[in-house]
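Everything numeric in this text was worked out from a predicted model, so none of it was measured. Chain letters run A, B, ... following the sequence lines, proteins first and then strands; every chain starts at 1.
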Amino acid sequence: MSEEFEKDFNKLIKQKIEKYHDFQDRDIKNYDEKYDVDTYAEDIINKFDEYEGDIVKMSGRLMALRTHGKASFADVRDMTGLIQLYAKIDLLGEERYEFFTELDMGDIIGFEGEVFKTNRGQISIKIKSFTLLTKSLRPLPEKFHGLKDKEMRYRQRYLDLIMNPEVKENFIIRSKIIRSFRDILEEKKFLEVETPMMHPIPGGANAKPFVTHHNTLDMDLYLRIAPELYLKRLIVGGFDRVYEINRNFRNEGMSYKHNPEFTTLELYQAQADYHDMMDITEELIVKTAKKTLNTTEIDYQGKNIDLSIPWRRITMKELVKKEASFDYDQIENSSQAYNRARELGVKVEKEGLSRGQILYEIFEQLVEENLIQPTFVMDYPIEVSPLAKNKEEDPGFTYRFEAFINGWEIANAFSELNDPFEQENRFKQQVEQREAGDEEAQMMDRDFVRALEYGMPPTGGLGIGLDRLIMLMTNSKSIRDVILFPTMRTEK
RNA sequence: AGACCAUUAGCUCAAUCGGAAGAGCAACUGACUCUUAAUCAGUAGGUUCGGGGUUCGAGUCCCCGAUGGUCUACCA
């Protein structure tokens, strides 16, 4: 028993520890026995007719105990649900029955008995034997109101899961969504790969990284901010269809939709372009919604969102012209763009922005949050897209799109830049921005350029933020409700 | 990073204007052989987040700090 635990004692815990020792003295085994279970609560509840009269062997955590002298009822929860036990002194014998009534909330028991319905119609198990599998030493929160304190729910997720079983639903759906993504990509002949989480040069996104240190190599490493540059190296190597579903780490602010570590899908397909990536985005999300939610209509915090395809496809220029009355093609130079942006009430504090960057600012500040229904916004300015291929007919813009749902960026994709000269120039521009004080600008990755020099086929690449997609599909208000152990400050 | 709000028994919450810290559930003792937020009788349980200050008197007012939440900023 740990010192911390000793310090944390209160009377309720002391009582339970005394009971634990008392149980041991009475030759009750603890923590050292496994129990062969043949039935789960859900089976019996769903198919009572098949189970009625059967003898079943189950286990679970004691959640309620109602004693009535020589008979008692208990509610026990297993992985699948709640089942009521009926314990009678006649069936268990005096000594065992007495012991049953001394069990604590939270204790984990195994039991065997007959499936039946009580006079009031409650499906129950009439137990003929039971055994204490694990003694619980800490008092559980109140049964009716449950555990509400958000801090405790996130810090002690195990307790949240015990007390608020509906919380499990979000995580089950999360698992199904990710399973579905893998299934769809498997079917499309994509290979799932794992690329480094620790990068000597953080790349593939504009973000502040976490830094760590390797002692033997005596070098700093960065937790990855994106897997992009490694996955494209694999395209160079001849893996024509690859994907990775894994964590990224960004040393930035936290909010209801930002956790320092978050999960993305990134996929790359040779001989494809960003139009193909739009098709795949639609397919992944729509098939997954159908499979996991049985619908493509979702309700998010009172907003109705229709995921059915095709999604709206519109270029940033057109969209900003339509929604914010900023007509890029009528703007002749950067100073005109600044003036127009300020007229529109857009904050453009930085000096020296190009027309394209101002277009992007206007989009972000005035348009983005209104994109509630799924929308592909196409053709991003080159300055904000250092890894995307520029458009032949309009070199200030790139073959890049982002998909928006509920005003959130859900996907980011492009026809990948595969010209090594151009990529080197783009990196140089990023390095200049970095030297000018932009901590989020990218670093020069010479090995990545070298890879491109060997030749990367035309490739489409796509990234999808899974946590936010899962928030939408589970109607969760906070990213912390779809991450089992969200990042928290250490206690005390 | 900034603003605002919250923190009281194991849990969920009260406490009027600054005037004796409370309830329900959980726990403990007892009664009860079909209850299900079981019921009934009784008992016990407090560093009011921490530290300072004002006051005859602070859960309540002021200052500093901790943690969480919400919003803003940045980002996905």
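- In this structure A1(B) sits in a base pair with U72(B), meeting the Watson-Crick or G-U test at under 3.5 Å.
- The nucleotide A27(B) finds its pairing partner in U43(B), both defining distances of the Watson-Crick or G-U wobble pair being shorter than 3.5 Å.
- The CZ-P distance, from Arg155(A) to U67(B), rounds to 9 Å in whole Å.
- Within the structure, every side-chain polar atom (N or O) of Lys19(A) is placed at least 4.0 Å from both OP1 and OP2 of A27(B).
- Under the rule for a ring pair (Phe, Tyr, Trp, His ring centres under 6.0 Å), the partners of His68(A) that lie at least two apart in sequence or sit in another chain are Phe73(A).
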Close N or O pairs between protein and nucleotides 44-46 of chain B (under 3.5 Å):
none

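- Protein atom CD of Glu142(A) is 8 Å distant from nucleotide atom C1' of A37(B), rounded to whole Å.
- Across U33(B), C32(B), C11(B), the shortest atom-to-atom separation from the side chain of Met152(A) is found for C11(B).
- Within the structure, a side-chain polar atom (N or O) of Arg120(A) is placed less than 4.0 Å from OP1 or OP2 of U36(B).
- When each of Gly146(A) and Ser255(A) is assigned the nucleotide of RNA chain B with its nearest heavy atom, Gly146(A) is the one assigned upstream, toward the 5' end.
- Rounded to an integer number of Å, the gap from OH of Tyr20(A) to P of A27(B) is 20 Å.
- Under the ring-ring contact (aromatic ring centres under 6.0 Å, His included) test applied with Phe401(A), the options Tyr380(A), Phe414(A), Phe376(A) reduce to a single match, Phe376(A).
- Checking A73(B), G69(B), C32(B) against the side-chain heavy atoms of Lys150(A) singles out G69(B) as nearest.
- Residue Asn246(A) contributes atom CG, which lies 19 Å from atom P of A76(B) at whole-angstrom precision.
- Between Arg138(A) and the phosphate of G10(B), there is no side-chain N or O to OP1/OP2 separation shorter than 4.0 Å.
- Of the two residues contacting RNA chain B, namely Ile479(A) and Pro141(A), the nearest-nucleotide position lying further toward the 5' end is that of Pro141(A).
- Of the listed nucleotides (A37(B), U35(B), C11(B)), A37(B) has the atom at the smallest distance from the side chain of Phe144(A).
- Annotation: cation-pi pair Arg96(A)/Phe99(A) absent, no NZ/CZ under 6.0 Å from the ring centroid and within 45° of its normal.
- OP1 or OP2 of U39(B) has not a single side-chain nitrogen or oxygen of Arg66(A) nearer than 4.0 Å.
- With rounding to whole Å, Lys208(A) atom NZ is found 14 Å from A76(B) atom C1'.
- Under the 4.5 Å side-chain criterion, counting only non-hydrogen atoms from C-beta, Ile83(A) is in contact with Ile45(A).
- In this structure, the CZ atom of Phe404(A) is 10 Å from the C1' atom of A76(B), given to the nearest Å.
- The ring pair (Phe, Tyr, Trp, His ring centres under 6.0 Å) contacts involving residues 148-170 of chain A comprise nothing, where partners must be two or more places apart or lie in separate chains.
- Side-chain atoms of His68(A) lie closest to C32(B) of the nucleotides A26(B), U67(B), C32(B).
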Next on the checklist: Tyr399(A) vs Tyr274(A), test: ring-ring contact (aromatic ring centres under 6.0 Å, His included). Steps then yes/no.
Outcome noted: CA-CA 6 Å; Tyr399(A) 297 109; Tyr274(A) 77 149; 5.5 Å; yes

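- Across G18(B) and C62(B), the matching P atoms stand 11 Å from one another, rounded to whole Å.
- When each of U67(B), U70(B), U36(B) is scored by its nearest atom to the side-chain atoms of Arg480(A), the top-ranked nucleotide is U70(B).
- U67(B): Watson-Crick or G-U partner is A6(B), with both key distances under 3.5 Å.
- A straight line from CZ of Phe100(A) to P of U33(B) spans 16 Å, rounded to a whole angstrom.
- Taking 3.5 Å as the limit, the base of U35(B) and the side chain of Gln84(A) contain a donor-acceptor pair of atoms between them.
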Item to check | Stepwise ring-ring contact (aromatic ring centres under 6.0 Å, His included) test for Phe404(A) and Phe363(A) | outcome: CA-CA 12 Å; Phe404(A) 291 85; Phe363(A) 168 73; 5.5 Å; yes

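- Across the strands present, C17(B) finds no partner; the criterion is a Watson-Crick or G-U wobble pair with both atom distances under 3.5 angstrom.
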Next on the checklist: For a salt bridge (Lys or Arg N to Asp or Glu O under 4.0 Å) check, start with the C-alpha distance between Arg77(A) and Asp107(A), then their side-chain angles and the critical distance, and finish with the verdict.
Outcome noted: CA-CA 11 Å; Arg77(A) 179 150 52 228; Asp107(A) 287 352; over 6 Å; no

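- Residue Asp306(A) comes nearest to Pro374(A) through the heavy atom pair O-CD, 3.3 Å, listed as atom of the first residue, atom of the second, then distance.
- Of all nucleotides listed (G68(B), A76(B), A27(B)), G68(B) comes nearest to the side chain of Glu151(A).
- Of the candidate nucleotides C32(B), G69(B), C28(B), G69(B) has the atom nearest to the side chain of Tyr154(A).
- Of the candidate nucleotides U67(B), C71(B), C34(B), C34(B) has the atom lying nearest to any side-chain atom of Tyr86(A).
- If you check every strand for non-hydrogen atoms under 4.0 Å, Thr264(A) touches nothing.
- Contact of the Leu466(A) side chain with the Phe262(A) side chain is not registered, since no non-hydrogen atoms from C-beta on lie closer than 4.5 Å.
- Each of U33(B), C28(B), U36(B) was ranked by its minimum atom distance to the side chain of Asp90(A); first place goes to U33(B).
- Checking U33(B), A76(B), C71(B) against the side-chain heavy atoms of Lys70(A) singles out U33(B) as nearest.
- Taking atom NE2 of His145(A) as the reference point, atom P of C25(B) lies 11 Å away to the nearest angstrom.
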